[in-house]
Amino acid sequence: MELPPKVKNILLLDSEGKRIAAKYYSGDWPTNTAKEAFEKAVFSKTQKTNAHTEVEVTALENNIIVYKFVQDLHFFVSGGEEENELVLASVLQGLFDAVNLLLRGNADKREALDNLDLIFLCFDEIIDGGIVLETDANVIAEKAGINSIDPNAPLSEQTISQALATAREHLTRSLMK
Amino acid sequence: MAQPYVKKDDDHDDELEYSPFMGIEKGAVLQEARVFNDAQVDPRRCSQVITKLLYLLNQGESFTKVEATEVFFSVTKLFQSKDTGLRRMVYLIIKELSPSSDEVIIVTSSLMKDMNSKIDMYRANAIRVLCRIIDGTLLTQIERYLKQAIVDKNPVVSSAALVSGLHLLKTNPEIVKRWSNEVQEGIQSRSALVQFHALALLHQIRQNDRLAVSKLVGSLTRGSVRSPLAQCLLIRYTSQVIRDMSNHGQSGERPFYEFLESCLRHKAEMVILEAARAITELDGVTSRELTPAITVLQLFLSSPRPVLRFAAVRTLNKVAMTHPMAVTNCNIDMESLISDQNRSIATLAITTLLKTGNESSVERLMKQITNFMSDIADEFKIVVVEAIRSLCVKFPLKYRSLMTFLSNILREEGGFEYKRAIVDSIVTIIRDIPDAKESGLLHLCEFIEDCEFTYLSTQILHFLGIEGPNTSDPSKYIRYIYNRVHLENATVRAAAVSTLAKFGFMVESLKPRITILLKRCIYDSDDEVRDRATLFLSVLGGDGTVDTDKDSTEFLFGSLEVPLVNMETSLKNYDPSEEAFDINSVPREVKSQPLAEKKAQGKKPTGLGAPPAAPASGFDGYERLLSSIPEFASFGKLFKSSSPVELTEAETEYAVNVVKHIFDNHVVFQYNCTNTIPEQLLERVNVIVDASEAEEFSELTSKALNSLPYDSPGQAFVAFEKPAGVPAVGKFSNTLTFVVKEVDASTGEAEDDGVEDEYQLEDLEVVAADYMVKVSVSNFRNAWESMNEEDEHVDEYGLGQRESLGEAIKAVIDLLGMQPCEGTETVPSNARSHTCLLSGVYIGNVKVLVRAQFGMDSSKEIAMKLAVRAEDASVAEAIHEIVANG
């Protein structure tokens with residue numbers, strides 16, 4: 001069977017190997033336990049490597065895994081043994097740069113969790129059912145980063161309590177930093 | 001999520017642990033989701049709740065059917081909001097919830113509206129969502145919109161439709177195939193990704209039409225594809241076309257090779273790699289074709305990007321298996337990769353070097369690896385050790401430096417799997433290279449002086465017992481072995497005692513001293529150690545003369561001929577009584593894994609159909625069953641029972657399978673019948689067997705089944721007489737005869753009057769393999785050598801074209817009905833030749849060993865060289881006859 005390049009999963013783990021977001025496109029890991037076991041194996045295998053500058057690569061259980069880290073965020077993209085590493089790497093790079101753009105350059109676990117909706121949208125824009133949908137970071141970020149304020153609803157229509165809630169949230173955030 | 005309180009405390013202590021999802025809980029979020037139903041939708045709040053739901057799903061939480069349905073219905077209400085951000089989240093959650101087909105109706109109209117929206121983002125996403133949840137009938141309704149979308153001027157919309165087409169092709173191929181024209185247009189698109197998706201879909205649509213694929217590739221290779229991803233695809237399709245063409249006997253200049261080669265000069269590295277890999281994987285690639293590909297891969301080896309280095313070295317590693325010479329040019333670049341930061345790359349580089357290295361470079365290489373070994377993980381080390389083992393077999397003269405290397409790493413820290421790989425390698429080298437024996441054994445002796453793994457210690461002691469006595473100075477091993485008796489746990493002590501005894505038995509000069517050592521062991525604290533010491537002392541006789549008794553040799557060096565499982569069962573069943581336990585009473589049949597039976601059951605979920613004879617399956621069960629039937633009691637000992645052979649199709653009215661029981665003078669067919677019709681009761685069930693095509697058999701007796709109610713299996717038997725000890729073969733046709741009685745469904749009572757009827761069953765054959773019992777031997781080589789070499793029969797056979805070596809080997813194993821030994825029935829994936837070792841016992845209790853060598857040429861023609869050794873020369877001939885006729 002000659003199929004187009006397939007991505008088996010995309011993982012975003014934190015510096016302890018805990019899942020921040022993950023999307024599986026292959027039936028190789030049917031249960032959540034299997035998925036967690038895979039994530040643990042991937043994490044412990046790559047933990048000690050330095051993937052902060054270049055995309056790194058390794059093989060695990062007949063899968064090729066490319067990965068890149070920034071701060072306490074660990075990005076992984078896996079594909080089958082026969083897959084073209086450079087295709088996987090371009091997917092990873094697209095994801096990595098898009099997330100960086102969306103988090104305005106300060107990508108770390110906290111920002112990622114605060115903007116988890118954007119991360120999910122990013123995943124959705126990169127791969128559709130295992131097939132590469134887009135690899136250009138700018139395009140992905142643009143598509144995922146749609147401003148959540150409705151263009152048709154002017155600011156005045158926000159209720160007072162809404163406005164207050166927004167203000168309070170901004171204040172707490174700036175205090176916690 | 002389980003302990004929100006504890007986590008919250010941490011939260012306050014440690015600001016870093018802050019998370020917006022701290023202490024989040026499914027029940028609470030589902031409550032929150034009610035906000036979707038509010039008359040005035042609050043987009044911001046709703047988006048947050050959807051994110052929370054997605055977070056829960058993403059963390060592995062699952063929603064019950066009811067919960068999912070409820071969320072789904074309330075989410076659909078959010079379509080009334082015009083907030084684009086919220087709409088995106090709604091799309092996402094619908095895909096995650098994967099609603100059932102009756103629920104889908106609710107959203108289709110909303111999604112179809114979005115599909116025709118002016119906003120590109122809505123169109124693209126609505127298509128993706130709709131295609132993910134839709135079924136065939138709905139698909140026909142939206143088909144024209146999808147066709148339109150494929151040629152949409154916005155590439156995002158177009159890609160969404162094409163990718164959805166790729167997914168839909170699996171479920172609704174006939175519909176998607178109608179989109180060819182639009183897809184074709186997509187290939188000409190200026191957008192790189194649209195081109196890629198269109199090419200993928202067009203190929204999928206045409207994949208079964210070889211000519212069309214060939215045409216497609218032919219037209220595109222002339223260069224209109226711009227996207228690197230599409231170009232990679234095109235390369236994959238091209239190699240497929242090349243493969244198909246060579247399969248169909250078109251010879252001459254390889255078509256499309258030029259295209260592949262031109263791709264090596266593409267500006268995208270992705271394409272270069274794909275092309276280089278495609279070239280190296282061509283069937284029967286010549287070194288002239290390989291060279292340009294190897295050259296670009298060599299350039300990649302020194303790239304600053306790890307992914308490129310990895311890809312290159314991985315490809316070269318594969319090439320080195322088949323064309324080691326082609327890769328030698330890269331050796332210098334490869335050597336510098338041994339110190340690569342990325343250990344995966346370093347390991348691949350080393351194993352490649354070990355494959356391509358020539359005899360003169362071995363020493364230098366070993367030195368480099370020594371520095372490298374200390375800082376890689378065990379799993380990498382095992383790969384290296386295995387590569388060294390094969391290198392040693394390739395260059396026997398270099399065993400000294402390789403053995404030194406292995407013994408050095410054996411002394412270092414390491415886990416069990418790693419140590420075992422090293423020990424296995426040393427053992428292989430000792431076996432294959434006689435010169436390496438003495439030094440190898442000493443290395444192993446030193447290792448067990450300080451070995452924390454009981455399993456390895458006992459294995460090595462056993463091996464020492466076999467190899468040690470034949471060395472020039474056996475006495476030097478005694479110290480190491482006897483030390484174990486003092487220093488180790490009971491298992492190792494017992495193994496050491498056995499090994500000592502072997503030395504005492506084989507080496508006359510050592511016997512008195514060994515006897516003294518063994519005498520000390522009879523005061524050991526462990527029963528097993530004492531028992532063994534006492535036993536061996538009596539075998540050794542203690543009188544100073546060498547006992548050449550054959551029984552003792554057999555006892556000490558022979559392997560247990562019965563499978564351990566069977567031995568265990570027999571011993572458990574044995575009542576301590578006057579009669580001594582007879583090892584010959586232990587069945588020798590290797591229990592076939594009950595896997596096949598399980599599969600058979602799996603096919604019939606209702607539990608109907610011929611069952612695998614629950615009360616009497618397995619050799620023991622059959623033996624008990626048959627001896628309990630007076631008619632068959634006089635037939636003697638059961639030699640073999642076949643696995644059940646189905647005589648009916650699955651899901652017919654009556655399910656019948658047959659088990660063939662082979663005795664010395666007789667054959668008994670056991671028909672397991674099941675009645676699958678609740679409204680019927682069968683009586684006087686008998687099988688009429690026509691043996692006109694089985695001349696050597698004559699029917700002796702048959703035993704009918706009196707009554708066969710619905711779904712409760714029963715057995716009928718037919719016995720045949722055949723010439724004693726002869727592997728007679730033949731074909732039998734079977735007809736089931738019975739009396740049918742109607743059963744009243746309400747009362748379950750049968751009517752009094754029945755109708756006679758018959759039912760044609762499939763034919764049954766007794767074949768040569770039925771006379772062969774699968775018996776494994778623990779050490780094939782020893783067993784092989786202990787058989788008379790002069791009785792060996794060798795012949796060669798052509799097996800014709802086969803899919804793969806593995807298939808040919810399986811066919812031969814099935815034909816002979818023998819037990820594959822030492823895992824030789826599995827073939828490495830791209831091997832061109834393989835040796836398979838088989839053992840079995842032929843009727844008349846004749847031990848047979850077979851060594852079958854297989855080879856495959858480029859046209860998949862398979863040749864086999866079959867060497868047979870048997871205790872009886874005529875049996876060896878018979879085996880060849882089976883193969884010749886099979």
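All heavy atoms count here, side chains included; hydrogens, waters and symmetry mates do not. Chain naming here is simple, since letters A, B, ... match the order of the sequence lines and numbering starts at 1 in each.
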Report yes or no: is the cationic atom of A/Lys23 (NZ for Lys, CZ for Arg) under 6.0 Å from the centre of the six-membered ring of A/Phe123, at an angle within 45° of the ring normal?
no

Spell out the residues in residues 303-312 of chain B that have some non-hydrogen atom less than 4.5 Å away from a non-hydrogen atom of chain A, in order of number; otherwise answer 'none'.
B/Pro304, B/Arg305, B/Pro306, B/Val307, B/Leu308, B/Phe310, B/Ala311

With a 4.5 angstrom heavy-atom cut-off, could you sort out which part of A/Ala89 is near chain B: side chain, backbone, both or neither?
side chain

So which part of B/Asp120 gets closer than 4.5 Å to some heavy atom of chain A, the side chain, the backbone, both or neither?
neither

Carboxylate-amine/guanidinium contact B/Arg236 A/Glu82, below 4.0 Å:
no

Residue from A/Ala21, A/Ala59, A/Pro5, A/Gly130 scoring the most non-hydrogen pairs under 4.5 Å with chain B is A/Pro5

Whatever's closer than 4.5 Å to a heavy atom in chain B on A/Ile127 counts as backbone

Between A/Asn9 and A/Ser26, is a side-chain hydrogen bond (donor to acceptor under 3.5 Å, both in side chains) present by the stated rule, with each step listed?
CA-CA 7 Å; A/Asn9 63 42; A/Ser26 119; over 6 Å; no

Picking from B/Leu86, B/Thr51, B/Val90, what satisfies side-chain contact (heavy atoms from CB on, under 4.5 Å) with B/Cys46?
B/Leu86

Checking heavy atoms, do the side chain of A/Val139, its backbone, both or neither come under 4.5 Å from chain B?
neither

I need the full list of side chain to side chain donor-acceptor pair (under 3.5 Å) pairs touching residues 118-131 of chain A, with sequence neighbours left out, sorted by first then second residue.
A/Asp124-B/Lys95, A/Asp124-B/Arg128, A/Glu125-A/Lys143, A/Glu125-B/Arg88, A/Asp128-B/Arg128, A/Asp128-B/Arg132, A/Asp128-B/His167

What part of B/Leu348 gets within 4.5 angstrom of chain A, counting heavy atoms only: side chain, backbone, both, or neither?
neither

Which residue, B/Leu201, B/Leu233, B/Ile187, forms the side-chain contact (heavy atoms from CB on, under 4.5 Å) with B/Phe196?
B/Leu233

Heavy-atom cut-off 4.5 Å, strictly under: side chain, backbone, both or neither for A/Leu133 against chain B?
both

Output all residues satisfying salt bridge (Lys or Arg N to Asp or Glu O under 4.0 Å) with A/Lys8, sequence neighbours left out; order by chain, then residue number.
A/Asp28

Where on B/Leu199 is there a heavy atom nearer than 4.5 Å to chain A: the side chain, the backbone, both, or neither?
neither

With chain B as the partner, which of A/Leu88, A/Val66, A/Ile64 has the greatest number of non-hydrogen pairs under 4.5 Å?
A/Ile64

Answer yes or no: is there a donor N or O on one side and an acceptor on the other, between the side chain of B/Asn125 and the main chain of B/Met121, under 3.5 Å?
yes

Please check if the side chain of B/Gln195 supplies one atom and the backbone of B/Ser227 the other of a donor-acceptor pair under 3.5 Å.
yes

Atom group of A/Ser90 that falls short of 4.5 Å from chain B, counting heavy atoms
side chain

May I ask you to decide if the ring planes of B/Tyr55 and B/Phe21 are parallel, tilted or perpendicular, using 30° and 60° as cut-offs?
parallel

Is it true that A/Asp72 and A/Lys109 have a side-chain N and a carboxylate O under 4.0 angstrom from each other?
no

Is there a donor in the side chain of B/Gln240 and an acceptor in the side chain of B/Asp244, or the other way round, less than 3.5 Å apart?
no

Looking at B/Phe79, does the NZ or CZ of B/Arg87 lie under 6.0 angstrom from its six-membered ring centre and within 45 degrees of the ring axis?
no

Evaluate the criterion salt bridge (Lys or Arg N to Asp or Glu O under 4.0 Å) for residue pair A/Glu85 and B/Arg277; output intermediate values, then yes/no.
CA-CA 11 Å; A/Glu85 290 89 340; B/Arg277 221 170 247 176; 2.9 Å; yes

Per-residue contact mode, A/Glu39 against chain B (heavy atom under 4.5 angstrom)
neither

Verify whether one side chain among A/Glu16 and A/His74 offers a donor that lies under 3.5 Å from an acceptor in the other.
no

By number, which residues in residues 41-55 of chain A have some heavy atom less than 4.5 Å away from chain B?
A/Lys45, A/Glu54, A/Val55

